[in-house]
> 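One structure coming up, written as structure tokens, with questions to follow.
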Amino acid sequence: MSEASVELGRTGDADLAEEYRLVLLARGIDANIAHLDGAYVLLVATGRYEEASRELAQYSNERRAQRPAAEPAMHLPWRNASLFAVGIYAFVLVFVTNLAVRGSFGGNWYAAGRLEVDRVVAGQWWRCLTALTLHVDFEHLIANIGFGGVFGFIAGRFFGPGAAWLLILLAGAAGNCADAWLAPAGHRAVGASTAIFAALGLTSVFSWRERSTSRRIWAYRVAPVVAGVVLLAYTGTGDESTDVLAHLTGFLAGATAGSLPLNSLRRACAGGAAQLACGIAAISVLIVAWIVAITRAG
């Protein structure tokens, strides 16, 4: 678009903005979309502004006159890549737990990597990460692989697998840090469940924000958050061995991440190279955390 452009309108719905752009292109009017301040801005050449306004007004009137159709489902790519990422997640948990059980390299992996309130408060930040990869027994491991795989797959469809797992890892670590600051002295914990509930909070709140501009009834818009809270209450509580506080802090950390303008992240990580870089970053963070843990323990 060589001529100076002007804003024709803006919306929080990416699909609607693209629909309007295609309508204008079909009328022979060049249009672009810019993403500014969390909204999708439709831009046209200054000299075509009046004509574009008329065309969109006419289209909108025709659209309203038609019988309302069901809104299209959110476009969710990355299916195969998200499944592959779940496989990597499962491998990492099995691999690290196996090393820990065997005491590989002569180290006590549980003592070095588990979440210990007193040590985290004293500055051993890496435990917020390493604890996510340790499990006390086979049942604990399988349960976290199962639940984490489901929520991680959904997050991967939303954000791409690399970006999703990087967000889940960071939110899970933040949840563990909050758990360490809020739990009583002497508290210890291991397991990926904090990150799993971070994934649940992340996808629930992000879905709610995506639906916030929907023209459907309010129940449709708030359904993701309600479902997330119900799942948290149903699966996040248990017997006295369940770290309910960690589940709650993980969910809140993920929900906080989901409330951020993550559409910018989705656009920035739309390509496979960006997703690969995010995935490598997530694994690298874990490796560094474990290197620090083993080194300090030694």
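It should be emphasised that the depicted structure is a prediction, and the values quoted were computed from it without experimental measurement.
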> Looking at CD1 of Ile154 and OG1 of Thr203, how far apart are the two atoms once the value is rounded to the nearest 0.5 Å?
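Going from CD1 on Ile154 over to OG1 on Thr203, the span is 6.0 Å.
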> Can you hop from Ile291 to Trp125 via hydrophobic side chains spaced under 4.5 Å?
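Yes, one cluster joins them.
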> Going hydrophobic residue to hydrophobic residue with side-chain gaps under 4.5 angstrom, can you get from Phe91 over to Leu166?
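Unlinked, Phe91 and Leu166 end up in two clusters.
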> Could you check whether the rings of Trp165 and Tyr89 sit parallel, tilted or perpendicular, using 30° and 60° as the cut-offs?
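Trp165 vs Tyr89 ring planes: parallel.
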> Can you check whether Asp118's main-chain N or O pairs, donor with acceptor, with Gln124's side chain at less than 3.5 Å?
no
> Taking all atoms of both residues into account, what is the closest heavy-atom pair of Ala180 and Val121, and its distance?
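Scanning both residues completely, I find the closest heavy atoms to be O-CG2, 4.0 Å.
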> Testing the basics here: between Gly156 and Trp78, what is the closest heavy-atom pair and its distance to 0.1 Å?
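Looking at all heavy atoms of both residues, the closest pair is O-CB, 3.8 Å.
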> Can a donor-acceptor pair be found between the side chains of Thr194 and Asn176 at a distance below 3.5 Å?
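Yes, a side-chain donor-acceptor pair sits under 3.5 Å.
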> Is the shortest heavy-atom distance from the side chain of Leu8 to the side chain of Leu24 under 4.5 Å?
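The answer is yes, as the side chains (C-beta and beyond) meet within the 4.5 Å cut-off.
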> Can you name the nearest heavy-atom pair linking Ala293 to Thr130, along with the distance?
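That would be CB-CG2, 4.2 Å.
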> Could you pull out the closest heavy-atom pair between Val44 and Ala31, with the gap in Å?
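Result for this residue pair: CG1-CB, 4.0 Å.
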> First locate atom CZ of Arg188, then atom CZ of Arg114, and finally report the distance between them rounded to the nearest 0.5 Å.
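Reported value, rounded in 0.5 Å steps: 4.0 Å.
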> For residues Leu169 and Phe95: do they belong to one hydrophobic cluster (side chain heavy atoms under 4.5 Å, members Ile, Leu, Val, Met, Phe, Trp, Tyr)?
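Yes.
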> Let's go through Trp126 and Trp290 carefully: what are the C-alpha distance in whole Å and the side-chain angles of both, what is the deciding distance for ring pair (Phe, Tyr, Trp, His ring centres under 6.0 Å) to 0.1 Å, and is it a yes or a no?
CA-CA 7 Å; Trp126 55 88; Trp290 268 115; over 10 Å; no
> Taking Ser104's backbone N and O only, do any of them form a donor-acceptor pair with Trp109's side chain (distance below 3.5 Å, no angle check)?
yes
> Just by distance, with hydrogens left out, do Tyr59 and Glu19 show a side-chain donor and acceptor under 3.5 Å apart?
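There is such a pair (donor and acceptor under 3.5 Å, judged by atom type) between the side chains of Tyr59 and Glu19.
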> If you compare all heavy atoms of Ala112 against all heavy atoms of Ile294, which two are closest, and at what distance to 0.1 Å?
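Nearest heavy atoms, Ala112 then Ile294: CB-CD1, 4.3 Å.
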> Any chance you could lay out the side-chain contact (heavy atoms from CB on, under 4.5 Å) test for Ser5 and Thr46, step after step, and finish with the verdict?
CA-CA 5 Å; Ser5 58; Thr46 303; 5.8 Å; no
> Taking a hydrophobic cluster as the set of Ile, Leu, Val, Met, Phe, Trp and Tyr residues connected by side-chain heavy atoms closer than 4.5 Å, whether directly or through intermediates, do Val150 and Phe159 fall within one such cluster?
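Yes, Val150 connects to Phe159 through the hydrophobic network.
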> Atom CG in Leu200, atom OG in Ser193: separation rounded to 0.5 Å?
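The OG atom of Ser193 is 12.0 Å from CG of Leu200, to the nearest 0.5 Å.
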> State whether the side chain of Ser204 and the backbone N or O of Gly201 hold a donor-acceptor pair below 3.5 Å, judged by distance alone.
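No, the answer is negative, given that no donor and acceptor are paired below the 3.5 Å cut-off.
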> Does the pair Arg21/Glu18 count as a salt bridge with the N-to-O cut at 4.0 Å?
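Yes, charged N to carboxylate O under 4.0 Å.
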> Do any N or O atoms from the side chain of Thr249 and from the backbone of Ala246 form a donor-acceptor pair under 3.5 angstrom?
yes
> Distance from Asn32 atom CG to Leu43 atom CG, nearest 0.5 Å?
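Atom-to-atom, Asn32:CG and Leu43:CG are 6.5 Å apart.
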> Indicate yes or no: at least one non-hydrogen side-chain atom of Val96 is less than 4.5 angstrom from one of Leu134.
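Yes - at least one pair of side-chain heavy atoms lies under 4.5 Å apart.
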> Working note: His135 + Leu93, criterion side-chain contact (heavy atoms from CB on, under 4.5 Å); need CA distance, chi angles, decisive distance, verdict.
CA-CA 8 Å; His135 294 82; Leu93 294 193; 3.8 Å; yes
> Any chain of hydrophobic side-chain contacts (each under 4.5 Å) joining Leu42 to Leu22?
no
> In Å and rounded to the nearest 0.5 Å, what is the CG to CG distance from Asp179 to Leu115?
6.0 Å
> Taking the side chain as every heavy atom from C-beta outward, state whether Pro184 and Val117 have any atom pair closer than 4.5 Å.
no
> Against Phe158, only a single residue in Phe153, Phe151, Phe206 fulfils ring-ring contact (aromatic ring centres under 6.0 Å, His included); can you say which?
Phe206
> Would you sort out whether Asp13 and Tyr40 count as a side-chain contact (heavy atoms from CB on, under 4.5 Å), showing the intermediate values?
CA-CA 7 Å; Asp13 188 339; Tyr40 297 91; over 6 Å; no
> State whether the side chain of His140 and the backbone N or O of Val136 hold a donor-acceptor pair below 3.5 Å, judged by distance alone.
yes
> With a 3.5 Å distance limit and no angle check, can you tell me whether Gln275 reaches the backbone of Cys269 through a side-chain donor-acceptor pair?
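Here the side-chain-to-backbone pair exists.
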> Determine whether Tyr110 and Val101 satisfy the following criterion, side-chain contact (heavy atoms from CB on, under 4.5 Å), listing intermediate values before the conclusion.
CA-CA 8 Å; Tyr110 287 98; Val101 170; 3.7 Å; yes
> Rounded to the nearest 0.5 Å, what separation is found between the CG atom of Leu276 and the CD1 atom of Ile280?
4.0 Å
> If every non-hydrogen atom of Ile145 is compared with every non-hydrogen atom of Ala90, which pair is closest and at what distance?
CG2-CB, 3.9 Å
> Do Ile33 and Val41 come within less than 4.5 Å of each other through their side chains, counting heavy atoms only?
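Heavy-atom side-chain distance check fails, nothing below 4.5 Å.
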